[in-house]
Amino acid sequence: MQTIIEPFRIKSVEPIYFNTRIERETILEKAFYNLFLIHSHDVLIDLLTDSGTSAMSSNQWAGIMQGDESYAGSPSFFHFEETIQQITGMPLVIPTHQGRAAEKILFSSIGGKGKYIVSNTLFDTTRANIEFTGAEGVDLLCEEGKHPLKPAPFKGNMDPVAFENFIAEKGAHNIPLCIITITNNSGGGQPVSMENIKAVKKICAAHHIPLFIDACRFAENAYFIKQREPGYENKTIPGIARELFSYADGCTMSAKKDAFANIGGFLAMHNEELARQCRNLLIITEGFPTYGGLAGRDLEAIAIGLKEVMEENYLQYRIRSIEYLSNKLLEAGVPVMQPAGGHAVYIDAKEMLPHIPPRQYPGQALACALYTEGGIRSVEIGSLMFGKYDANKQLIPAPMELVRLAIPRRVYTQSHIDYVAEVVINVYNNRERIKGLSITEEAPALRHFTAKLEPVH
Ligand code: F0G
């Protein structure tokens, strides 16, 4: 059959609250043009993130009831641990309450002033946790990844030549870790190829630099490898995942993505000494090593979700539904990142709104317009999120001005997605009416979460 259907039936539903354009204009103004500050009941279709927003399966809900809440040695932990050991081949598993807690613990253990953490592209919380220790985060994305509108199969790849050069310049002893983000969220949800992971591993091994994987969306990445990389078409998703993790010394993961959980994360690794240091920090900040900031029921839900996410019917539907939205927008002329990412469609706001300069945050202006037009909440991944100031307080813009429409897993149906496409296309057809924004208040780190803005007149 040609039609790819949602591989589930719906057992429980949540209402969507409708509002009007006039109401949304007032809501946006009161939220200082920052969509993080809007109440979710004021949103019709919430594409702010695919993180923690998944619909859990009936099996996961059953697991929730079976969660064992013992402080130490809960069977839910052993189920969680064994599942992660099987998927990753890594023996040491440390639960955390979400991905950034795993990052905080890892980088507090290995970061520090004068150190560099190298990546294809660091996610914002990862970068913030690195920089908080005084270390510097370095993105060495491949050339294809820097051109949103040019399709290529593995635009999340790291640039191995740039990595070699960076090591020669800074010295391997100053690089305590390389971390590859799969899929590359900040670079458009684009996958990393097995070949690239192997090439990066070879460089890491030659210089004794541990290689970690930020594995939030490992199953989506594995499915892209199966689809696009020669030699993997007949391999299973668990087989591809296992190979991918076999090249790494460790991983961090936010279970709020590819584990279909509403909360949770973990660190996994081979190195006993590093694990000992991480567990010591875990006890101070998260909890005892057999629960690490999670309830027993969460550990169960994650263990079950990690197995469900590798089912091919699910991954086929998942990747196809993102591509479906992307194609509809492309056909209407909307500049979207190509090819479609694994969890989101990224609109190139720089291309769509050439009349708004980066210092007026074209991505944020577009995200606000999508909200006013149809109650869609998206997120800016551009100069509001990543822009920095120079010594004269002038904005150094981010390399790309993107707006991400992240699709929660198993939550929205095809007609929701058709509605999203209609709203985006309407906004695109009236794009010259969109005005830029300026910041009136901001925090020193991760400013996009709380910044206040106003329209530029
Ligand atoms: N790494 C990547 C690649 C991520 O996308 C995220 C979260 C994290 C780490 C941190 O995980 O939220 O559990 O602490 N990304 C979310 C997003 C927030 O919207 O893309 P967390």
Side-chain angles (χ1 to χ4, degrees), residues 34-36 40 43 46-54 94-108 117 119-132 137 139 141 145 155-156 158 177 179-192 212-221 248 250-268 285-286 292-294 298 301-302 305-306 309 322 337 341-346 363 367 377-382 384-386 402-409 411 445-446 448-450:
N34 184 337
L35 298 162
F36 283 102
S40 63
V43 175
D46 204 345
L47 308 183
L48 182 66
T49 178
D50 63 321
S51 180
T53 52
S54 299
I94 300 172
T96 59
H97 80 274
Q98 63 183 85
R100 70 198 68 183
E103 292 161 5
K104 168 88 180 145
I105 287 170
L106 176 65
F107 295 116
S108 301
I117 311 291
S119 177
N120 50 346
T121 310
L122 297 161
F123 182 66
D124 58 354
T125 60
T126 323
R127 175 173 287 281
N129 273 305
I130 290 167
E131 290 175 356
F132 194 71
D139 293 342
L141 185 63
K155 291 171 75 170
M158 192 163 149
L177 194 92
I179 183 161
I180 297 192
T181 313
I182 65 169
T183 57
N184 183 16
N185 184 11
S186 312
Q190 299 292 326
V192 178
F212 267 56
I213 290 180
D214 177 339
C216 296
R217 301 177 179 87
F218 76 98
E220 289 167 5
N221 201 97
C251 68
T252 58
M253 173 149 178
S254 164
K256 301 171 74 173
K257 284 82 169 173
D258 266 355
F260 299 121
N262 302 121
I263 197 72
F266 60 85
L267 260 168
T285 58
E286 293 284 291
L294 291 169
D298 299 324
I302 293 166
L306 282 170
V309 79
I322 315 289
M337 178 172 280
H343 64 294
V345 170
Y346 293 70
R377 177 153 69 168
S378 55
V379 71
E380 187 255 21
I381 301 191
L384 180 60
M385 190 181 271
F386 288 124
L402 303 174
V403 170
R404 184 185 75 172
L405 306 171
I407 314 294
R409 294 171 182 76
V411 169
L446 297 175
H448 54 287
F449 288 129
T450 51

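When a ligand or atom number is given, it counts from 1 through the structure's own listing order. Counting begins at 1 with the first residue of the sequence.
- Nearest protein heavy-atom neighbour of atom 10 (C) of ligand 1: T125 OG1, 3.4 Å.
- Of all heavy-atom pairs between H343 and I322, the closest is C-CD1, 3.8 Å.
- Looking only at protein heavy atoms, the nearest one to atom 7 (C) of ligand 1 is K257 NZ, 2.5 Å.
- Of the possible polar contacts, one joining the D46 side chain to the L48 backbone as a donor-acceptor pair under 3.5 Å is found.
- Annotation for ligand 1: atoms under 4.0 Å from non-hydrogen atoms of T181 are 3 (C).
- The minimum heavy-atom distance between G156 and V192, with the atom names listed, is O-CG2, 3.3 Å.
- The shortest non-hydrogen separation linking S378 to L35 is O-CD1, 3.6 Å.
- Taking every heavy atom of both residues into account, M385 and E380 meet most closely at N-OE1, 3.0 Å.
- Each of the atoms 1 (N), 2 (C), 3 (C), 9 (C) of ligand 1 lies under 4.0 Å from some heavy atom of D214.
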inquiry  = Pair C251, F266 - check side-chain contact (heavy atoms from CB on, under 4.5 Å), show working.
reply    = CA-CA 8 Å; C251 68; F266 60 85; 4.0 Å; yes
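- Not a single heavy atom of G265 sits closer than 4.0 Å to an atom of ligand 1.
- Not one N or O on the side chain of D124 forms a donor-acceptor pair closer than 3.5 Å with the backbone of F386.
- Atom 12 (O) of ligand 1 has its nearest heavy-atom neighbour, among K104, R100, R404, R217, in R100.
- Each of N184, N129, I179 was compared with L122 under the side-chain contact (heavy atoms from CB on, under 4.5 Å) criterion, and only I179 meets it.
- Protein heavy atom nearest atom 5 (O) of ligand 1, with residue, atom name and distance: N185 ND2, 2.7 Å.
- Atom numbering of ligand 1 starts at 1 in the shown order; those under 4.0 Å from a heavy atom of S254 are 11 (O), 13 (O), 21 (P).
- Protein heavy atom nearest atom 8 (C) of ligand 1, with residue, atom name and distance: F123 CD2, 3.5 Å.
- Close approach of ligand 1 to K256 is summarised as follows: ligand atoms under 4.0 Å from at least one heavy atom of the residue are 13 (O).
- For E103, the closest heavy-atom approach to ligand 1 falls below 4.0 Å.
- Here is the list of ligand 1 atoms found below 4.0 Å of a heavy atom in G99: 11 (O), 13 (O), 14 (O), 21 (P).
- Under a cut-off of 6.0 angstrom, the local environment of CZ in F449 is crowded, with over 12 non-hydrogen atoms contributed by other residues, nucleotides or ligands.
- For the pair T183 and ligand 1, the shortest N or O to N or O distance does not fall below 3.5 Å.
- In summary, the atoms of ligand 1 found under 4.0 Å from a heavy atom of C216, numbered by their order in the structure, are 1 (N), 2 (C), 3 (C), 4 (C), 9 (C).
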